[in-house]
Amino acid sequence: MRLFAAALATETNTFSPLPTSLNSFKECVFVRPGEHPEDRAVFASEPLLVARRMAAAEGFTLIEGSCFGAEPAGTTRRSDYEFMRDEILGQLKQALPLDGVLLGLHGAMVADGYEDVEGDILERVRALVGPKCVIGVELDPHCHLTLKRVKLADVIVLYKEFPHTDTMERAKDVLDIVLNTLRGKVKPVMSLYVGS
Ligand SMILES: [Zn+2]
């Protein structure tokens, strides 16, 4: 079984005049494959870290992608977002064929031209991995959950605590559900109530 994990996260305040740039990520979290620390998660990389720790015991191969994270600020520059997104998509393409994908995202990231960044990432990931691959995502409860994400992902788990003290536990939930789906033990079904 082959799983891929990566992270790309920031919380965007679209009213903030300060754009989020590649430098904002470089000043916070900019970790390439092989550089991720052993002892701690770095900004939404919990799915990757949990999968790394569980891979041997659960009998799957983990292919690690990049992890990018920036402190909350304004809209992310389009080319900077596309650069990080395409780096992760390139790694994912190299890792094919895949049984599962684990993504650490925030859920309220906006880039120029991309109001639903997480939906855009999921759309491109799904196009590469195909319909059978199980995609699991961990999000912050401060996210803007969209129907697009619910349709494209198989599993979405939000942190349940604020302050966010349960990010590792929820990442474990994502991994468990993805693995149990792949083993045919569960068949996750998602729905979203969109209020007017
Ligand atoms: Zn939050």
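Quick caveat, the model's predicted, so the values are computed rather than measured. Indexing begins at 1, ligand by ligand and atom by atom, following the structure's order.
- Side chains of Lys148 and Asp116 form a contact here, defined as non-hydrogen atoms less than 4.5 Å apart.
- In terms of heavy atoms, Cys143 sits closest to Arg149 at CB-NH1, 4.3 Å.
- For the Zn ion (ligand 1), the set of protein N/O/S atoms nearer than 2.8 Å consists of Asp140 OD1, Asp140 OD2, His142 ND1, His164 NE2, ordered by chain and number.
- When hydrophobic residues (I, L, V, M, F, W, Y) are linked wherever their side-chain heavy atoms come within less than 4.5 Å, the members clustered with Phe43 are Val29, Val31, Val42.
- In this structure, Lys172 does not pair ionically with Asp166, as no charged nitrogen and carboxylate oxygen lie closer than 4.0 Å.
- Here Asp99 pairs with Met1, Arg2, Leu182 under the side chain to side chain contact (heavy atoms under 4.5 Å, CB included) rule; sequence neighbours left out.
- In this structure, the side chain to side chain contact (heavy atoms under 4.5 Å, CB included) partners of Thr14, at least two apart in sequence or on a different chain, are Thr12, Thr75, Val110.
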